[in-house]
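The block underneath contains the structure these notes are about, expressed in structure tokens.
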Amino acid sequence: MSLNIVLEQFKVDDFKLYFELVSDESVMEMITERALPLEEAQTDFAKLLKNNALDLQCGSFKIIDGDTGDFIGLAKLEIEELGSVTAELGYMLLPEYWGKGIGSLIAKTLIEKAQQRNQLQKLMAIIDPKNSASRKILTNNGFESVSFEYFDGLPGEILELKLHR
């Protein structure tokens, strides 16, 4: 199966798609260990939009099936501020798209996007230590585990990839 995906930055009228993703318990199990309620999702989406305004090439993107136009999930290449040398890579897929190679394709696409940004020197990703599928995708793309920390009381493994070697 050849995958034709398109990444489009989330816009203000995309909240319904975002909420479809973050309100799904199975999607959020390895992220927050719970689905997000409406108010929390609205607050998070407002932050996402503010971050997207920093740089049109970075931020959070809708993953769209280029053939059908269907919403697949979220991909992020997020910087903290303009000129950041590190970006966070991440993705969330609706369950019906799991196990189809989309996570690997998204990781490769985001790495290529990051390599085109000369100021970016490093990518980092935070995963649930139990998420072996995401760890495999990241390590297959050159990421290395650097530490284990807690985020909002939940365990996280930080992986990094140095760019422009």
Side-chain angles (χ1 to χ4, degrees), residues 1-11 14 17-18 20-22 24 26-32 44-45 48-49 51-149 151 155-165:
M1 167 176 140
S2 175
L3 298 170
N4 176 21
I5 59 158
V6 177
L7 299 182
E8 298 175 2
Q9 244 193 2
F10 274 94
K11 303 281 188 247
D14 293 323
L17 296 174
Y18 176 80
E20 177 185 357
L21 197 60
V22 300
D24 186 309
S26 57
V27 170
M28 300 304 287
E29 181 180 349
M30 299 256 186
I31 300 168
T32 59
D44 288 356
F45 190 70
L48 177 155
L49 292 175
N51 186 273
N52 276 2
L54 286 176
D55 184 333
L56 294 178
Q57 299 303 311
C58 293
S60 294
F61 302 89
K62 297 177 288 186
I63 306 169
I64 305 292
D65 182 319
D67 297 323
T68 65
D70 292 342
F71 176 68
I72 295 172
L74 174 151
K76 78 174 179 179
L77 187 62
E78 191 176 84
I79 56 173
E80 289 188 8
E81 59 190 29
L82 207 52
S84 290
V85 297
T86 301
E88 181 181 353
L89 179 147
Y91 46 86
M92 293 188 272
L93 304 175
L94 290 169
E96 58 265 34
Y97 297 100
W98 294 355
K100 299 179 189 285
I102 296 170
S104 294
L105 180 59
I106 293 300
K108 284 179 180 24
T109 302
L110 292 175
I111 291 166
E112 289 169 7
K113 200 175 203 19
Q115 288 170 330
Q116 295 167 6
R117 312 291 296 160
N118 289 332
Q119 87 276 8
L120 289 179
Q121 297 172 15
K122 181 172 61 176
L123 291 178
M124 52 98 62
I126 304 168
I127 63 168
D128 183 313
K130 298 183 300 273
N131 192 339
S132 57
S134 279
R135 178 185 291 106
K136 183 176 178 184
I137 288 169
L138 293 166
T139 57
N140 283 348
N141 281 285
F143 278 77
E144 296 177 355
S145 180
V146 293
S147 67
F148 291 87
E149 296 180 23
F151 299 88
E157 179 179 3
I158 300 175
L159 296 99
E160 291 183 353
L161 173 69
K162 291 189 181 4
L163 300 169
H164 313 295
R165 293 181 193 240

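The model shown is predicted, which means the values in this text are computed figures rather than measured ones. Computed from heavy atoms alone, side chains included, the values below leave out hydrogens, waters and symmetry copies.
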* Structure fact -> CG (L48) and OG (S60) are apart, to the nearest 0.5 Å, by 3.5 Å
* Asked: Under a 4.5 Å cut-off applied to non-hydrogen side-chain atoms, are M92 and M28 in contact?
  -> yes
* Asked: Which pair of heavy atoms, one from S26 and one from P95, lies closest together, and at what distance?
  -> OG-CG, 3.2 Å
* First locate atom CD1 of I79, then atom OG1 of T86, and finally report the distance between them rounded to the nearest 0.5 Å. => 10.5 Å
* Asked: Once you round to the nearest 0.5 Å, how far does CD1 of I158 lie from CD of E88?
  -> 9.0 Å
* Asked: Does some side-chain heavy atom of V27 sit less than 4.5 Å from a side-chain heavy atom of V22?
  -> no
* Side-chain heavy atoms of I72 within contact of I106, under 4.5 Å -> no
* Measure the spacing between CE of M124 and CG of L161 and express it to the nearest 0.5 Å. => 12.5 Å
* **Contact summary for S104 and N141, nearest pair of heavy atoms** => O-ND2, 4.5 Å
* Answer yes or no: are there more than 12 heavy-atom neighbours, outside Q119 itself, under 6.0 Å from its atom CD? => yes
* Asked: Who passes ring pair (Phe, Tyr, Trp, His ring centres under 6.0 Å) against Y18, sequence neighbours left out?
  -> F45
* Check the pair I111 / F143 against side-chain contact (heavy atoms from CB on, under 4.5 Å), numbers first and verdict last. => CA-CA 10 Å; I111 291 166; F143 278 77; 3.9 Å; yes
* Structure fact -> Residue pairs passing the salt bridge (Lys or Arg N to Asp or Glu O under 4.0 Å) test with at least one member in residues 134-143, sequence neighbours excluded, are R135-E157
* To do: Please round to the nearest 0.5 Å and tell me the distance separating atom CG of N131 and atom CD of E29.
  => 9.5 Å
* To do: Begin from the C-alpha positions of Y91 and I102 and carry the test side-chain contact (heavy atoms from CB on, under 4.5 Å) through to its verdict.
  => CA-CA 10 Å; Y91 46 86; I102 296 170; over 6 Å; no
* Asked: Does any pair with a residue in residues 111-126 pass salt bridge (Lys or Arg N to Asp or Glu O under 4.0 Å), and if so which ones, sequence neighbours excluded?
  -> D55-R117, K122-E160
* To do: Kindly give the heavy-atom pair with the smallest separation between G59 and N52, and that separation in Å.
  => CA-OD1, 3.1 Å
* Structure fact -> Correct closest heavy-atom pair for N51 and E78 would be OD1-CG, 3.2 Å
* Asked: Checking side-chain contact (heavy atoms from CB on, under 4.5 Å) for the pair L138/L89: CA distance, chi angles, key distance, verdict?
  -> CA-CA 10 Å; L138 293 166; L89 179 147; 3.8 Å; yes
* Structure fact -> Looking only at heavy atoms, the pair that brings Q9 and D14 closest together is O-OD2, 4.1 Å
* Asked: Quick one: does L110's side chain get under 4.5 Å of L7's, heavy atoms only?
  -> yes
* To do: Evaluate the criterion side-chain contact (heavy atoms from CB on, under 4.5 Å) for residue pair D70 and Y97; output intermediate values, then yes/no.
  => CA-CA 11 Å; D70 292 342; Y97 297 100; 3.7 Å; yes
* To do: Over all heavy atoms of both residues, which pair between L17 and K62 is shortest? Give the atoms and the distance, please.
  => CD1-CD, 3.9 Å
* Rounded distance [0.5 Å steps], CD1 in I31 versus CG in D128 -> 9.5 Å
